[in-house]
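Quantities reported herein were computed from a predicted structural model and do not represent experimental measurements. Heavy-atom basis, side chains included; hydrogens, waters and symmetry copies ignored. A, B, ... follow the sequence lines: proteins, then strands. Residue 1 opens every chain.
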Protein chains: 2
Amino acid sequence: MPHECKVETALDILVGKWKPVILFHIFQEEVLRFSELQRLIPDITKKMLTTQLRELEYHDIINRKVYAQVPPKVEYSITDYGKGLTPLLDSMHNWGLSHLEHLDQIYGESKLEKNN
Amino acid sequence: MPHECKVETALDILVGKWKPVILFHIFQEEVLRFSELQRLIPDITKKMLTTQLRELEYHDIINRKVYAQVPPKVEYSITDYGKGLTPLLDSMHNWGLSHLEHLDQIYGESKLEKNN
DNA sequence: TGCCATAGTATACAAAAAGATACCTACAGG
DNA sequence: CCTGTAGGTATCTTTTTGTATACTATGGCA
């Protein structure tokens, strides 16, 4: 890939079955605890939630704040740097939305059940 | 995912180990034969190339034109609709590029070898 | 007659990602 | 002293992706 194509880099940090949803919620709520994320995303396992959060943290997209308490309390929030993702996420969301319509046009309504 | 987040839809059509590279080449050359893609992307197997192309075709991003010849000749090109991806791909590329720099800043040069 | 080319399939296999389930810690409340 | 809690790990199995290799059809060419 002729050295200048970094689309994959962007893809890398967004890919992972749960990352978009996780980001969506943290962007929306500003700050969320581990357990709140679990509640908001009922089907995710702790393992998946942990690994996805760690990857986002590694990329400096989210912040992890641990309170020295028992039982533990950990809060996640978007970093200032992470907020720079907003335009990209918006573009992707918008393109995705119109693409669903396009698929609908060319293949018919049958595709709509796919993501509900 | 509260019904309005379609980031994943965009992700879906771009994900697959080879899709970005394939798109990159077809966007650049306008039209490419199967064998030319193979030559441009030496590590891809025929099977992968075929499946990725078929997925892109399903999403109306690329066009597949078969010539009734022997030996076969098949040309791939970006559809008009597919060209609408350009701004998104550009944004992703640009974000990816600056993200690599950011990672470099926070973790040091060691990350650069990752994508060369 | 046998060989080459192109654009694939078919089959088998390996590796990576995701899921299920059990377990851990250490304090607080009863 | 037993139990519950929050935020995880550890381990194992399943599913999804990707890789390797062999095979096919058809016609032109030597």
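One interatomic measurement links the two molecules: CZ of B/F34 to P of D/dT24, which rounds to 18 Å at whole-angstrom precision. We find that CD of A/E36 is positioned 16 Å from C1' of D/dG8, with the value rounded to whole Å. Summarising the geometry, the separation between CD1 on B/I41 and C1' on C/dA7 is reported as 15 Å, rounded to the nearest angstrom. One interatomic measurement links the two molecules: CD of B/E75 to P of C/dT6, which rounds to 14 Å at whole-angstrom precision. One atom, CD of B/Q38, and another, C1' of C/dA7, lie 8 Å apart when rounded to the nearest Å. Atom CG of A/L53 and atom P of D/dG7 are 11 Å apart (whole Å). The CG-P distance, from B/L49 to C/dG8, rounds to 8 Å in whole Å. At whole-Å resolution of the value, OH in A/Y67 and P in D/dA6 are 16 Å apart.
The listed nucleotides are D/dG7, D/dT5, C/dA7; the one nearest the side chain of A/P71 is D/dT5. With distances taken from any side-chain atom of B/R54 to the nucleotides C/dT9, C/dT6, D/dG7, the minimum falls on C/dT9.
Ranked by how close their nearest DNA chain C nucleotide is to the 5' end, B/P72 and B/T50 are led by B/P72.
Remark: B/R33 is not in phosphate contact with C/dT6, judged by side-chain N or O atoms under 4.0 Å from OP1 or OP2. Between B/R64 and C/dG8 there is a side-chain N or O to OP1 or OP2 distance below 4.0 Å. Put simply, A/S35 has no side-chain N or O that comes within less than 4.0 Å of OP1 or OP2 on D/dA6.
No continuous path of ILVMFWY side-chain contacts below 4.5 Å connects B/V31 to B/L37, so the two sit in separate hydrophobic clusters. Under a hydrophobic clustering in which Ile, Leu, Val, Met, Phe, Trp and Tyr are joined whenever their side-chain heavy atoms come within less than 4.5 Å, directly or via other members, A/Y76 and A/V66 fall into the same cluster.
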Which atom pairs link the protein and nucleotides 16-22 of chain C when you take only N or O atoms and keep those under 3.5 Å?
from, atom 1, to, atom 2, distance (Å)
C/dA18, OP1, A/K17, N, 2.9
C/dG19, OP1, A/K17, NZ, 2.5
C/dG19, OP2, A/W18, NE1, 3.0
C/dG19, O6, A/K47, NZ, 2.3

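Between the side chain of B/T79 and the main chain of B/D60, a donor-acceptor pair closer than 3.5 Å is present. Proximity of a side-chain donor or acceptor of A/E36 to a complementary backbone N or O of A/R33 within less than 3.5 Å is detected. The backbone N or O of B/K6 lies less than 3.5 Å from a partner atom in the side chain of A/H93, making a donor-acceptor pair.
Under the 4.5 Å side-chain criterion, counting only non-hydrogen atoms from C-beta, B/Q38 is in contact with B/L49.
B/L14 CG to B/L56 CG: the interatomic distance, rounded to the nearest 0.5 Å, is 8.5 Å.
At a threshold of 4.0 angstrom between heavy atoms, the contacts of B/Y76 are confined to the sugar-phosphate backbone, with no base atom among them.
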